[in-house]
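What's counted below: heavy atoms across the whole structure, side chains too, no hydrogens, waters or symmetry copies.
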Amino acid sequence: MITSNQRTIWAAITLIVASFLTVYLLFWLLPNVFEPWNAQTIDQFFVFRSNSDALRPAYDSTVVHVDISDRTFEALEHSYLNRFQYAQVVRNLAEMQTALQIWDFYFPAKTNLQEDSAFVVAAGNARNAYFGLAFKVAEERPSLSKRQLSRAEQYLEMTKWNVQIVGDTRELYHAYDPLITFPELAVASQGLGFLNLSFDRDGVYRRAPLLYRYKESFYPSFAFRAVCDYLGVTPDRIIVKPLASITLKDARRPGGSPHDIVIPIDHSGNILVNYIGPLVRDDGVESMLHYDFARILRASDDRTELEDWGDELGGKIAVVSEVRTGAADVGPIPTDNHFPLSNVHSNIINTILTENFLREASSLETALIELVLIILMMVLALQLSSRNFSFGSVGLIIVYFATAALLFLYGNVVVNVLRPMLQVGLAAFTVVAYRYVNEQKEKEVLRRTFEAYFPPAVVRKIMINPSLVTAAGQKKELTVLFSDIKSFTTYSSTLAPDEIQKLLNEYFDSMVEIVFKYEGTVDKFMGDGLMVFFGDPEPQP
């Protein structure tokens with residue numbers, strides 16, 4: 001037979017498990033609602049970290065920016081840049097001994113023969129210039145009609161990557177319908193990479209694809225191609241494990257020793273970008289080194305200045321991009337709502353070069369975390385009163401949030417923050433609500449029971465202070481009254497059963513009313529008699 005206490009225990013366990021499963025189901029059914037909330041909670045860790053010198057991710061000053069900004073056009077005194085000027089900057093950056101110059105542009109169309117030729121020749125002579133392209137992407141491989149390949153597609157066929165695959169690549173996105181830098185410039189460059197960036201459900205850029213499936217092979221992103229070339233990693237030394245990692249075998253920085261770099265990725269091949277911080281921190285300092293395009297362009301006017309620039313930019317990876325006011329290539333990241341997307345590419349490169357990777361907790365790790373929280377909630381529910389259980393649950397939420405923050409700040413591990421907190425909160429609410437309703441029912445039963453034996457005033461006192469009634473033995477001086485109806489046996493023999501019952505009810509009602517008037521307690525009813533005592537639960541001298 002299940003006791004009341006056992007029923008309460010099983011109810012608490014059931015409610016806790018049901019609460020965890022309910023929240024999990026809500027996250028699964030309504031990802032557009034809950035995933036952004038969770039991501040925005042984690043964004044606060046990014047913001048907190050970016051404001052701390054001790055916690056901020058390291059910046060590898062190998063990565064610098066060359067910005068086409070408002071100041072560029074003020075310095076040049078016109079509002080348009082032609083390809084002669086682009087060509088001159090390509091030549092200047094090459095003479096400054098930059099390791100790579102990666103242009104966050106694609107130039108799909110030609111302008112005029114002279115400008116295009118100058119640009120192509122400059123890129124070919126520099127031998128370190130990279131340009132962009134754009135793909136359309138799909139989860140399923142699109143069906144393509146058989147036709148003669150365009151020059152752009154021929155170039156992509158020649159430059160696609162054959163990497164090593166370990167595992168199932170079905171979750172990786174398919175790339176198709178490319179829009180590339182015009183073929184002559186693409187051939188003269190060191191390579192192209194796609195500029196596509198993927199944002200989360202709330203429009204924030206937190207992750208970026210490194211590889212797309214292109215036909216039977218792969219094509220790298222703009223940043224990934226550049227960093228692989230900088231580290232001397234050829235496609236055949238890249239190992240892709242979907243939902244796990246991309247490994248760069250024997251990566252070697254200039255002058256460094258070879259070692260493997262393991263990049264954590266999600267199921268779609270995205271890296272979590274470990275942003276250094278906003279474009280400009282609260283103290284007015286830029287997160288990365290920035291140089292104005294006009295200064296690089298004009299450096300060729302003075303040979304000495306060009307050499308000085310070589311000391312400044314020699315061995316650097318220069319990211320050339322447009323960041324002037326009104327530029328469309330801007331979006332929100334965790335630490336900045338108006339962030340130039342070219343800086344996303346540079347943050348990807350910085351993340352890989354510093355090997356300071358963020359890693360999302362796996363499904364198994366998340367399940368284990370939630371299982372531990374379920375067990376802790378059960379222990380609290382079985383050991384504590386409702387009041388202390390509520391405080392304990394709030395404490396558990398605070399401890400979990402602090403643990404998630406510490407894992408992010410010191411372990412570079414990103415766990416689901418919101419879901420476990422909601423699970424604990426809902427479990428606490430349902431258990432406390434059940435206990436309250438159950439206690440109210442029990443109190444009502446007790447009250448009705450006491451009303452049959454105690455005066456109303458005493459019942460109220462007992463309900464307020466149940467310790468007045470104790471199961472333990474007590475020694476007290478009481479006054480006991482026994483009462484019955486004189487000659488009831490003889491008298492009742494002349495009455496019908498229903499008349500006897502009516503008579504007894506009237507008698508007992510009257511007697512109990514008198515007993516309660518003098519704060520007595522009815523101990524028991526015995527046939528036509530009753531036993532009453534005075535002096536308990538409250539003394540009556």
Side-chain angles (χ1 to χ4, degrees), residues 62-66 68 81-135 149-162 175 178-196 210-212 214 217-235 238 254 293 296-297 300 313 315-322 329 341-342 345-346 348-349:
T62 301
V63 187
V64 300
H65 282 268
V66 176
I68 301 173
L81 292 174
N82 60 50
R83 291 186 179 176
F84 284 128
Q85 292 165 314
Y86 288 144
Q88 187 61 54
V89 169
V90 169
R91 287 192 292 270
N92 288 356
L93 287 173
E95 288 198 46
M96 293 171 185
Q97 301 298 310
T98 56
L100 306 176
Q101 47 177 303
I102 57 177
W103 290 68
D104 183 29
F105 300 93
Y106 55 90
F107 300 91
K110 297 180 181 180
T111 54
N112 64 65
L113 181 60
Q114 287 183 317
E115 288 189 18
D116 293 337
S117 297
F119 201 8
V120 169
V121 170
N125 291 337
R127 302 183 66 182
N128 69 349
Y130 296 77
F131 300 100
L133 65 92
F135 282 117
L149 296 179
S150 66
R151 289 190 64 195
E153 291 170 323
Q154 290 173 8
Y155 172 82
L156 295 183
E157 280 291 315
M158 291 187 298
T159 57
K160 64 186 181 181
W161 281 9
N162 293 307
L179 181 63
I180 80 166
T181 292
F182 67 90
E184 290 82 359
L185 182 58
V187 171
S189 73
Q190 283 300 101
L192 304 184
F194 62 79
L195 297 173
N196 302 60
L210 298 182
L211 289 167
Y212 282 150
Y214 180 69
S217 299
F218 291 83
Y219 218 85
S221 73
F222 178 66
F224 192 51
R225 177 183 281 276
V227 79
C228 286
D229 284 359
Y230 180 77
L231 296 171
V233 178
T234 53
I238 297 174
F293 186 91
I296 305 297
L297 176 63
S300 54
L313 295 181
K316 305 290 188 182
I317 300 174
V319 181
V320 185
S321 62
E322 182 178 342
D329 205 22
L341 297 187
S342 58
H345 300 299
S346 58
I348 295 168
I349 296 171

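- For the residue pair L211 and P220, the shortest heavy atom distance occurs at CD2-CA, 3.7 Å.
- Cation-pi geometry between R225 and Y219 is satisfied (NZ or CZ under 6.0 Å from the ring centre, within 45° of the ring normal).
- Residues F224 and W161 form a side-chain contact, since some pair of their non-hydrogen atoms from C-beta on lies under 4.5 Å apart.
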Step-by-step side-chain contact (heavy atoms from CB on, under 4.5 Å) determination, Q88 to S300: CA-CA 8 Å; Q88 187 61 54; S300 54; 3.4 Å; yes

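- From L195, atom CG reaches atom OG1 of T181 across 8.0 Å, with rounding to the nearest 0.5 Å.
- Ring centroids of F131 and F119 are separated by less than 6.0 Å, placing the two rings close together.
- The structure places CD1 of I180 at 7.0 Å from OH of Y155, a figure rounded to the nearest 0.5 Å.
- Counting heavy atoms from C-beta outward, P235 and N162 have side chains that stay 4.5 Å or more apart.
- Around atom CD of E157, more than 12 heavy atoms belonging to other residues, nucleotides or ligands sit under 6.0 Å away.
- Considering only residues two or more places apart in sequence or on other chains, T111 meets the side chain to side chain contact (heavy atoms under 4.5 Å, CB included) condition with R83, E115, D116.
- Proximity of I348 to L210: side-chain heavy atoms (C-beta onward) are separated by under 4.5 Å at one or more points.
- Nearest approach of S342 to H65, heavy atoms of both residues: O-CE1, 4.0 Å.
- Heavy-atom minimum distance, G315 versus T62: O-CG2, 3.7 Å.
- The structure places CZ of F105 at 5.0 Å from OH of Y86, a figure rounded to the nearest 0.5 Å.
- Atom CD of Q190 is separated from atom OG1 of T159 by 12.5 Å, given to the nearest 0.5 angstrom.
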Result block: side-chain N/O donor-acceptor pairs under 3.5 angstrom for residues 94-102, not counting sequence neighbours:
from: E95; atom 1: OE1; to: R303; atom 2: NH1; distance (Å): 2.7
from: E95; atom 1: OE1; to: R303; atom 2: NH2; distance (Å): 3.2
from: T98; atom 1: OG1; to: L93; atom 2: O; distance (Å): 2.9
from: T98; atom 1: OG1; to: N128; atom 2: ND2; distance (Å): 3.3
from: Q101; atom 1: OE1; to: W103; atom 2: NE1; distance (Å): 3.0
from: Q101; atom 1: NE2; to: V90; atom 2: O; distance (Å): 3.0
from: Q101; atom 1: NE2; to: N128; atom 2: OD1; distance (Å): 3.0

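- Residue G132 comes nearest to Y106 through the heavy atom pair O-CB, 2.9 Å, listed as atom of the first residue, atom of the second, then distance.
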Worked verdict on Y212 versus N196 for side-chain contact (heavy atoms from CB on, under 4.5 Å): CA-CA 10 Å; Y212 282 150; N196 302 60; 3.5 Å; yes

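- Considering all non-hydrogen atoms of both residues, A223 and H345 come closest at CB-O, 3.7 Å.
- Formation of a donor-acceptor pair under 3.5 Å by the S217 side chain with backbone atoms of Y214 is not found in this model.
- Residue Y130 holds its OH atom at 3.5 Å from CG of D229, rounded to the nearest 0.5 Å.
- Q154 and R151 share no donor-acceptor pair across their side chains, judged by distance under 3.5 Å alone.
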Take F84 and Q114 through the side-chain contact (heavy atoms from CB on, under 4.5 Å) test and state the conclusion after the steps. CA-CA 8 Å; F84 284 128; Q114 287 183 317; 3.8 Å; yes

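- Listed by chain and residue number, D104, L341 satisfy the side chain to side chain contact (heavy atoms under 4.5 Å, CB included) test with D329 (two or more places apart in sequence, or in another chain).
- Note that the OG atom of S221 and the CG atom of L133 stand 10.0 Å from one another [nearest 0.5 Å].
- No side-chain heavy atom of F218 sits under 4.5 Å from any side-chain heavy atom of I238.
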